[in-house]
Engineer: 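Quick one: structure below, then a few questions.
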Amino acid sequence: MDWNAAIDNYCERLGPEFWAEPLNAVTNAAFVVAALVALRVALRRRSLDWPLAVLVAITLAVGVGSFLFHTVATRWAAFADIVPIQLFILTYFALAMRRFVGIAWWAAGAATVGFIVFSVAGGALLDRAGVSLNGSEGYLPPLAALLLVGVALVLSGRRGPGGALIVAAAIFAVSLTFRTVDMAVCAALPIGTHFLWHTLNGLLLGYLLIAMVRFGRPQAAGAARAMPR
């Protein structure tokens, strides 16, 4: 595999230059802002512990990796983009199982393995069915998990974290729509819509981090509090 092979998957990129995707590149600042805002909220509430610090660090890595991909635009840069995103999804899922749902760490780990199996199986089914969403297929299982876990928490009486996950699912659904239609709107909108995916995902990750700060403190895991604002 040629790790330096160029990749051109977005409307905005019309050439190999470093700044060929200016909007797609600079909107990755949304992830940096999200991480810094969440860090400030956690410090102010004295709720910063190592699992939350890891999530904040991964959020920063998401911004850096995506910036590299939308500037360098090579296979290795795509890898730098994908890995932090997957790490955030799996780390947040495990921590939500522990702190929102309130199960033991071993059970949270088992649930995360189950989520991975669900994601792989779901991707295989979509592929077999010929579903093509401009590369967005892999994000459908995380979207489903946000919604299903959120609804389950609300039904079990934990409206704070449950409501937060449902709102997060709604934000994610909108951002995923913009990611999916990017190439389809090139003729009408040459800049594409991928930059809106970045902007809304920055909002999404920030919202999820603050939800973890407010509802997922170890001493009150799963307790319902006011919705994050």
Engineer: So H70 and H194, would you call those rings parallel, tilted or perpendicular, with 30° and 60° as cut-offs?
Structural biologist: tilted
Engineer: E137 side chain to D127 main-chain N or O, any donor-acceptor pair under 3.5 Å?
Structural biologist: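 Not confirmed, E137 side chain does not pair with D127 backbone.
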Engineer: Compare all side-chain heavy atoms of F79 with those of W3 and state whether any distance is below 4.5 angstrom.
Structural biologist: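 Heavy-atom side-chain distance check passes, below 4.5 Å.
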Engineer: Are I103 and R98 close enough that some pair of their side-chain heavy atoms sits under 4.5 Å apart?
Structural biologist: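 Result no, sub-4.5 Å side-chain heavy-atom pair not found.
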Engineer: Is there a side-chain contact between F31 and V64 (heavy atoms, below 4.5 Å)?
Structural biologist: no
Engineer: Treating R45 as the side-chain partner and S47 as the backbone partner, does any N or O pair qualify as donor plus acceptor under 3.5 Å?
Structural biologist: no
Engineer: In terms of side-chain geometry, is the basic nitrogen of R75 or D81 positioned less than 4.0 Å from the acidic oxygen of its partner?
Structural biologist: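 The answer is no: the pair does not qualify as a salt bridge.
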Engineer: Treating R158 as the side-chain partner and A152 as the backbone partner, does any N or O pair qualify as donor plus acceptor under 3.5 Å?
Structural biologist: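 No: the side chain of R158 does not pair with the backbone of A152.
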Engineer: Flag the pair W197 / Y10 as yes when their ring centroid distance falls below 6.0 Å, and as no otherwise.
Structural biologist: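 Distance test on ring centres: not under 6.0 Å, no.
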Engineer: Keeping the roles fixed (side chain from T199, backbone from F195), state whether a donor-acceptor pair exists under 3.5 Å.
Structural biologist: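 The answer is yes, because a donor-acceptor pair under 3.5 Å joins these two groups.
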Engineer: Evaluate S175 against N201 for side-chain hydrogen bond (donor to acceptor under 3.5 Å, both in side chains), listing each step before the verdict.
Structural biologist: CA-CA 7 Å; S175 71; N201 271 5; 2.9 Å; yes
Engineer: Please lay out, stage by stage, how T180 and T193 fare under the test side-chain contact (heavy atoms from CB on, under 4.5 Å).
Structural biologist: CA-CA 9 Å; T180 303; T193 56; over 6 Å; no
Engineer: How about F88 and L208: do any of their side-chain heavy atoms sit closer than 4.5 Å?
Structural biologist: yes
Engineer: Step by step, work out the side-chain contact (heavy atoms from CB on, under 4.5 Å) result for I7 and T74.
Structural biologist: CA-CA 5 Å; I7 296 177; T74 58; 6.0 Å; no
Engineer: Does the side chain of V37 come within less than 4.5 Å of V33's, by heavy atoms?
Structural biologist: yes
Engineer: Nearest 0.5 Å, what's the CG-SG distance between L23 and C11?
Structural biologist: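 SG of C11 is found 12.0 Å from CG of L23.
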Engineer: Identify the two heavy atoms, one from N28 and one from S66, that lie closest to each other, and give their separation to 0.1 Å.
Structural biologist: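 Answer, listing the atom of N28 first, then S66: OD1-OG, 2.7 Å.
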Engineer: A side-chain contact here means heavy atoms from C-beta on lying under 4.5 Å apart; do M212 and F100 qualify?
Structural biologist: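 Of all side-chain heavy-atom pairs linking F100 with M212, at least one is under 4.5 Å.
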Engineer: Do the side chains of R40 and L43 get nearer than 4.5 Å, heavy atoms only?
Structural biologist: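 Counting from C-beta outward, L43 and R40 never come under 4.5 Å.
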Engineer: Could you measure the distance from the CG atom of L39 to the CD1 atom of I210? Nearest 0.5 Å is fine.
Structural biologist: 11.0 Å
Engineer: What's the shortest heavy-atom distance between A38 and L209, and which atoms?
Structural biologist: CB-CB, 3.5 Å
Engineer: Looking at W50, I want to see if its CH2 is surrounded by more than 12 non-hydrogen atoms of other residues, nucleotides or ligands under 6.0 Å.
Structural biologist: no
Engineer: Test side-chain contact (heavy atoms from CB on, under 4.5 Å) on L147 and V151; report intermediate values, then the result.
Structural biologist: CA-CA 6 Å; L147 184 59; V151 170; 4.2 Å; yes
Engineer: Can you name the closest pair of heavy atoms from L176 and S136 and give their distance?
Structural biologist: CD1-CB, 3.7 Å
Engineer: Which atoms form the tightest heavy-atom contact between M97 and A108, and what is the distance?
Structural biologist: CB-CB, 3.8 Å
Engineer: Does D182 reach the main-chain N or O of V185 with its side chain, forming a donor-acceptor pair under 3.5 Å?
Structural biologist: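 Looks like no, no N/O pair under 3.5 Å.
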Engineer: Between L165 and G150, which heavy-atom pair has the shortest distance, and what is it?
Structural biologist: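 Nearest pair, atom of L165 first, then G150: CB-CA, 3.8 Å.
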Engineer: For the hydrophobic clusters of this structure (ILVMFWY residues joined by side-chain heavy atoms under 4.5 Å, transitively), does one cluster hold both F172 and L87?
Structural biologist: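 F172 clusters together with L87.
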Engineer: Testing the basics here: between A25 and F67, what is the closest heavy-atom pair and its distance to 0.1 Å?
Structural biologist: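 In terms of heavy atoms, the two residues are closest at O-CD1, 3.6 Å.
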Engineer: Flag yes if more than 12 heavy atoms outside F178 fall under 6.0 Å of its CZ atom; otherwise flag no.
Structural biologist: no
Engineer: Using the rule that two of Ile, Leu, Val, Met, Phe, Trp, Tyr join whenever any of their side-chain heavy atoms come within less than 4.5 Å, decide whether V174 and I166 are in one cluster.
Structural biologist: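 They do not share one cluster, since no chain of ILVMFWY contacts under 4.5 Å joins V174 to I166.
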Engineer: Would you mind reporting whether E17 and T71 have side-chain heavy atoms less than 4.5 Å apart?
Structural biologist: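 Not touching, per the 4.5 Å side-chain cut-off.
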Engineer: Apply the test side-chain contact (heavy atoms from CB on, under 4.5 Å) to residues Y139 and I85: give CA-CA distance (whole Å), side-chain angles for both, the deciding distance (0.1 Å), then the verdict.
Structural biologist: CA-CA 10 Å; Y139 292 105; I85 294 171; 3.8 Å; yes
